[in-house]
Amino acid sequence: MEPGDYDHRAVEAAARALWESYDIYRYDPGGPDEPAAARPTFSVDTPPPYVSAAHLHVGHAMSYSQPDFIVRYRRMRGERVFYPIGFDDNGLPTERYVEQAYGVRAVDLPRAEFVALCLAETQRTAARYEDLWRRLGLSLDWSLRYSTIDARCQRTAQASFVRLHETGYVRRAAEPILWCPEDRTSLAQADVEDLERTSRLYTIRFGEGLVIATTRPELLPACVALYHHPADSRYAGLRADARALVPLFDYEVPVLADEDVDPEYGTGLMMVCTFGDSEDVLRWRRDHLALRLVVEPDGRLGELAGEFAGLTVSQGRSAIVKALEGAGRLAGSVPVRQVVGVHERCQIPVEFQIRPQWFVAVRENADRFRARAAELEWIPPFMRRRLEDWIDGLKWDWNITRQRRYGVPFPVWFCSSCDAPVLARPQDLPVDPLTDAPPVTACPSCGSAEFTGDPDVMDTWMTSSLTPQINDGWALGGTDPALAPMSMRVQAFEIIRTWLFYSVVQSELLFGRLPWRTALISGWGLSEQGKKLSKRDLDRSTGPDGYNRYVPDDVMGKYGADALRLWATRGRIGTDLKYNEKDIRTGRKFAVKLWNVGRFLTLNRGEFSPSRTDFVPPGERDIVDRWVLSHLAETVVEATVAFEGHDYHQAHQAASRMFWSIYCDRYIEMIKDRVGDGALPDGTDLEYPNRESRDSARWTLWESYRVLLGLFAPFAPFVTEHMYQRFYRDHENVVSLHLTRWPAADPAWAAPAERVAVDQLAVILDATRALRSGLHLGNSARLSQLILQARDAQAEALLARIAEPLRIAARAGAVVRGPAAHPSGVDGITVGVVA
RNA sequence: GGGCGCAUAGCUCAGCGGAAGAGCACUCGCCUUACAAGCGAGAAGCCGGUGGUUCGAACCCACCUGCGCCCACCA
């Protein structure tokens, strides 16, 4: 075969076709006669990406590549790799994506029609994501692919719900809940994030000496009490049963004292509404205040707002301010910086509603989750704090109810007469209570025969937090003990409070243990300016300076998948990494270089074949060959140690240093006169090599290149596979490099004395190259003489040993001992060259 | 207000107790039979600041400063 220029498209397509036709990443559960200890299982819990945008970005490519480095290493260590993948294609993120893509609103469509639309669109998008992951070379077992809306996941989620209900960890209660008026659904604490904005702080006169400050005057009709600090002298004269009249709405509310009121803020007098924020909820509960819900589920003011009913929250705010002004009740207003809780998916401020919801008891079990957080191995370790802090700050139980359509239904029917819930039987799951009949014909509580299916669906995290169980078969016939707990959870840091936390919750409440031994937490790929990349930005921005330059498909098309993957090696695990196209180009250089070394091998191996019987044992090889093997042995150890600590970055650094500065820049240059057939292209006879020395170089080149392919296989799986196929597959009889074993250093490669001597030879060789440069000579131009001078006996002893290999490495006709003017870099030795 | 992380060459990042590193960019020289998307040589850093611990600190400790993230506040 005549190797042309490196073409990553052809190389990657061929490697992919090979992997797919042999299905090399398929999980091998082993047979009954194989002891598990002989081949341990390495199982990985991978994040199912939300199907919530047309494209993923290079940051996703980074955080999925990093675990793949580790997985590929473990596979080469001979472990049985279980590496599943799925797509999280239901729930709010997906619904929002479909709503935007098709310009529809879920509330305006018949449920079945909307769900069908979601299913079709998410299948299309998931196929695109799958293709991307395949192109990126993630060594996933696609036969294990799941989608969180499929029957297996629905069964698992519903089974968990039934079990948690039976064991008392799930309860149904009508409590104040976080509510998104935009998406018209309840939310969990984890779905809410902070948004800093400027708003106005209005001061409103309730009565003589009773002036409150609020940013939410539209909640005036929801006001149920006023509060001041007990030590605030301004309000010291108030009686314990003081009451105030709410302006415009003309009803009385109590005026109460509370230590937590900040006398410095506003007027020191605050109004509590049901509900403006979570503080209101606390006081309402504690002090048994009245309930006046004024914001409706659609974000408009309700009947209690009187003439303002029907207005949106912001319309209502202006209108009420105007009315207060007209009534002489507005004392003033000032702009104020404010942080509000918004729904993370739509950035609309959350409101509160009261309606019956299913809650998982996370607060009362917080200590158990905290203990599991401590038990888990975290990489990097500081990520543990993010979970601990979240657990410590839990204020609400996990509301798993969503008033949406495209999700896993609750396997529950309610008795139409007494409202008692009836749950599905585990063997019947999955069920859809809106179309399936309940498992009983009469209500166990009241005997009624009328039931209504629960119309709500589960929080999508309720399903995705069960990925370990979805994969280990728990709800489908029994947990596979080889897969539980799993070896490693991999994910990025921003979903510690959601996916990771909820997974710990499920595993602890269902089984009383951790779902995995180790959590590997990656950082983010950021833009050149260090800004967060977002899937949604990719969809709406095109052009040369647009976000589409972060689309991994385009990057891989231009530079290759190996190049994109190699970018992901550049940072430590858990740290963010700025993206730059230049760095991808650098990654491509490796693939090109490895390719070209292959070409060198082809051009120089002559008649060599590893099946020949003239093997030269390492101990009998040329000093320079022993040197490179010694370095290689050290590199193998370094990379192995690094990988054992999950440190792909150090492993890659070690391999890279070896490949570039020892192997390519020095070793290959040093053997050029020795590895060939003994004549220059112009026919000049080199009188060298002798056959032993040439075979020594050829064996060494052959073996060392193979080791390098192994060391780089986890990082650049395509080009390494290609070179393996070209040179080694026929001799090793293993179909893919990625099914071969991780390189081991042959003890016979250790050569401490040769190593030291040739390290110094290399230093002197560098000096001769600098001299060449001064004479305007390239490295392949032959020198007639290499002049060496030793200052003392020690230097002389070294020269005696390396003079001849140095002559060959320097491509000089002869070595001459004599006066030499230039420092060689080695103490006591000077050097000169003659063209 | 609290927590976590980061701060090293122009840029992106390693190093985390024993003489400051890599890649990119830059300067100079080479179209060299593996590779010009290449090779060789070179320049480039008070390792954010101030104190401490130590024989020795980029590295450990304390306090600052700046940036990022999370939490609390949200009247």
Side-chain angles (χ1 to χ4, degrees), chain A residues 3 5-6 193-197 199 201-202 212-216 219 223 226-228 258 260-262 265-273 276-280 283 336-341 349 380 382-386 388-390 392-393 395 493-494 496-497 523-524 526 528 530-532 559 566-567 569-572 574-580 582-583 585-604 649-650 652-653 656-657 660-661 664-665 668-669 672 676 680-682 766-781 811:
Chain A
D5 284 336
Y6 172 66
E193 65 184 30
D194 288 345
L195 178 72
E196 190 178 356
R197 64 176 189 185
S199 64
L201 183 66
Y202 299 91
I212 62 111
T214 182
T215 52
R216 301 204 62 186
L219 291 182
C223 177
L226 303 185
Y227 278 86
H228 59 82
D258 183 344
D260 291 336
V261 176
D262 177 5
Y265 191 96
T267 59
L269 189 65
M270 68 180 284
M271 93 172 163
V272 166
C273 309
D277 61 45
S278 59
E279 293 295 301
D280 289 348
R283 293 193 174 87
V336 65
R337 286 304 280 177
Q338 182 197 29
V339 178
V340 292
F382 66 77
M383 291 290 184
R384 177 197 311 270
R385 279 297 290 269
R386 296 192 180 224
E388 291 175 343
D389 289 350
W390 178 254
D392 292 346
K395 284 164 63 176
F493 65 86
E494 86 282 9
I496 287 176
R497 73 181 199 180
W524 274 348
L526 304 174
E528 294 86 338
K531 297 288 177 210
K532 174 180 175 176
Y559 300 106
L566 287 166
W567 167 63
T569 66
R570 291 163 86 75
R572 279 176 308 176
T575 62
D576 296 343
L577 186 60
K578 287 182 193 162
Y579 176 79
N580 194 317
K582 236 172 215 169
D583 294 332
R585 207 173 293 146
T586 303
R588 190 174 193 280
K589 280 176 53 178
F590 168 77
V592 170
K593 193 79 171 175
L594 193 72
W595 174 274
N596 281 314
V597 175
R599 183 185 293 181
F600 180 82
L601 202 61
T602 302
L603 293 173
N604 287 287
H649 175 84
Q650 293 290 348
H652 177 258
Q653 288 280 103
S656 257
R657 269 195 308 272
W660 290 96
S661 66
C664 293
D665 295 349
I668 286 182
E669 292 301 323
K672 277 182 174 171
L680 290 178
D682 62 10
D766 287 348
T768 69
R769 292 214 230 173
L771 293 175
R772 281 172 179 276
S773 201
L775 296 173
H776 297 259
L777 289 174
N779 280 338
S780 73
R811 316 193 84 173

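The sequence lines fix the lettering, A, B, ..., with proteins before strands; numbering per chain opens at 1. As the structure is a computational prediction, the values presented were derived from the model and not from experiment. All heavy atoms count here, side chains included; hydrogens, waters and symmetry mates do not.
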Heavy-atom protein contacts under 4.0 Å, nucleotides 35-42 of chain B, coded B base, S sugar-phosphate only, - none:
B-BSSBS-
If you check the A/D389 side chain, which of B/G3, B/U12, B/C73 turns out closest?
B/G3
Counting any heavy atom closer than 4.0 Å, what does A/V272 reach on the DNA or RNA strands: base, sugar-phosphate only, or nothing?
nothing
Starting from P on B/C70, measure out to CG on A/D576 and report it in whole angstrom.
11 Å
Between B/G45 and B/C69, how far apart are the P atoms? Round to whole Å, please.
32 Å
Within the 4.0 Å heavy-atom criterion, would you say A/K531 contacts the bases, only the backbone, or no part of the nucleic acid?
nothing
Sub-4.5 Å side-chain heavy-atom contact between A/R197 and A/Q338:
yes
From CZ of A/F590 over to P of B/C24, roughly how many Å is that when rounded to an integer?
14 Å
Contact class for A/S656 vs. all strands (heavy atom < 4.0 Å): base, sugar-phosphate, or nothing?
nothing
Separation between the C1' atoms of B/C31 and B/G38, rounded to whole Å
10 Å
Take A/K578 and A/D583 through the side chain to side chain contact (heavy atoms under 4.5 Å, CB included) test and state the conclusion after the steps.
CA-CA 10 Å; A/K578 287 182 193 162; A/D583 294 332; over 6 Å; no
Looking at A/R599 and A/D5, is any side-chain nitrogen of the basic one under 4.0 Å from a carboxylate oxygen of the acidic one?
yes
Tell me, do A/V261 and A/R283 make a side-chain contact under 4.5 Å, heavy atoms counted?
yes
Atom C1', compared across B/G18 and B/A25: separation rounded to whole Å
32 Å
Does A/L577 reach the side chain of A/W567, with side-chain heavy atoms less than 4.5 Å apart?
yes
Would you say the side chain of A/D576 lies within less than 4.5 Å of the side chain of A/F493, judging by non-hydrogen atoms?
yes
Length of the CZ-P vector between A/R384 and B/C4, whole Å
14 Å
Here's a test of your reading of the structure: between A/Y579 and A/I212, which maps to the more 5' nucleotide of RNA chain B?
A/Y579
Using a cutoff of under 3.5 Å, can you pull out all pairs of nitrogen or oxygen atoms linking the protein to nucleotides 15-19 of chain B, with atom names and distances?
unit_1: B/G15; atom_1: OP1; unit_2: A/Q650; atom_2: NE2; d: 3.3

Taking all non-hydrogen atoms of both residues, which atom of A/F590 and which atom of A/W660 are closest, and how far apart?
CA-CZ2, 3.9 Å
Suppose you measure atom P in B/A43 against the same atom in B/C28; what distance do you get, rounded to whole Å?
15 Å
So A/D280, base contact, sugar-phosphate only, or nothing? Heavy-atom distance under 4.0 Å.
nothing
Give one of base, sugar-phosphate or nothing for A/E494, where a contact means two heavy atoms less than 4.0 Å apart.
nothing
Hey, does A/S661 reach any base, or is it just sugar-phosphate, or nothing, if we go heavy atoms under 4.0 Å?
nothing
Should A/I668 and A/F600 count as side-chain neighbours, where that means a heavy-atom distance under 4.5 Å?
yes
Roughly how many Å apart are B/G52 and B/A57, using the C1' atom of each and rounding to a whole number?
11 Å
The answer to which of A/N580 and A/G530 contacts RNA chain B further toward the 5' end, by nearest nucleotide, is A/N580
Can you tell me, in whole Å, how much space there is between the P of B/A72 and that of B/G2?
16 Å
Considering all heavy atoms of both residues, which atom of A/L219 and which atom of A/M271 are nearest to each other, and what is their separation?
C-CE, 4.1 Å
Is there side-chain contact between A/E669 and A/R769, with at least one heavy-atom pair below 4.5 Å?
yes
Just checking A/G571: base, sugar-phosphate only, or nothing, at a heavy-atom cut-off of under 4.0 Å?
sugar-phosphate
Separation of B/G2 C1' from A/W390 CH2 (nearest whole Å)
16 Å
Report the distance from atom CG of A/L566 to atom C1' of B/C13, rounded to the nearest whole Å.
15 Å
Could you tell me how far B/U32 sits from B/A37 if I compare only their P atoms? Round to whole Å.
14 Å
Using a cut-off of strictly less than 4.0 Å, decide whether A/Q338 has a side-chain nitrogen or oxygen near OP1 or OP2 of B/A75.
yes
A/E388 CD to A/I496 CD1 distance, which is reported to the nearest 0.5 Å:
11.0 Å
All heavy atoms of A/R216 vs all of A/G276, minimum pair found to be NH1-O, 3.7 Å
Rounded to the Å, how far apart are A/D260 CG and B/A75 P?
15 Å
Closest to side chain of A/K578, choosing from B/A75, B/C13, B/C4
B/C13
Once you apply a heavy-atom cut-off of 4.0 Å, does A/I668 come out as touching a base, just sugar-phosphate, or nothing?
base
A/T586 vs B/C24: side-chain N/O to OP1/OP2 distance below 4.0 Å
no
State which of B/C69, B/A75, B/C4 makes the closest approach to the side chain of A/F382.
B/C4
With a 4.5 Å heavy-atom cut-off, do A/S278 and A/K395 have their side chains touching?
yes
Take the protein atom CD of A/E388 and the nucleotide atom C1' of B/G2, then report the distance between them rounded to whole Å.
15 Å
So, do A/Y227 and A/D260 sit near enough that their side-chain heavy atoms are less than 4.5 Å apart?
no
Verify stack between A/Y265 ring and B/A75 base, 5.5 Å, 30 degrees:
yes
Do the side chain of A/D280 and the main chain of A/V272 share a donor and acceptor less than 3.5 angstrom apart?
no
When rounded to whole Å, the CZ to P distance for the pair A/R657 and B/C13 reads 19 Å
Which value, in whole Å, describes the distance between the P atoms of nucleotides B/U12 and B/G17?
26 Å
In dot-bracket notation, what is the pairing pattern of RNA chain B, taking Watson-Crick (N1-N3 plus N6-O4 or O6-N4) and G-U wobble (N1-O2 and O6-N3) contacts under 3.5 Å, with [ ] crossing and | for other strands?
((((((((.[[[[.)..(..]]]].(((((.......))))).....[[[[[..)....]]]]])))))))....
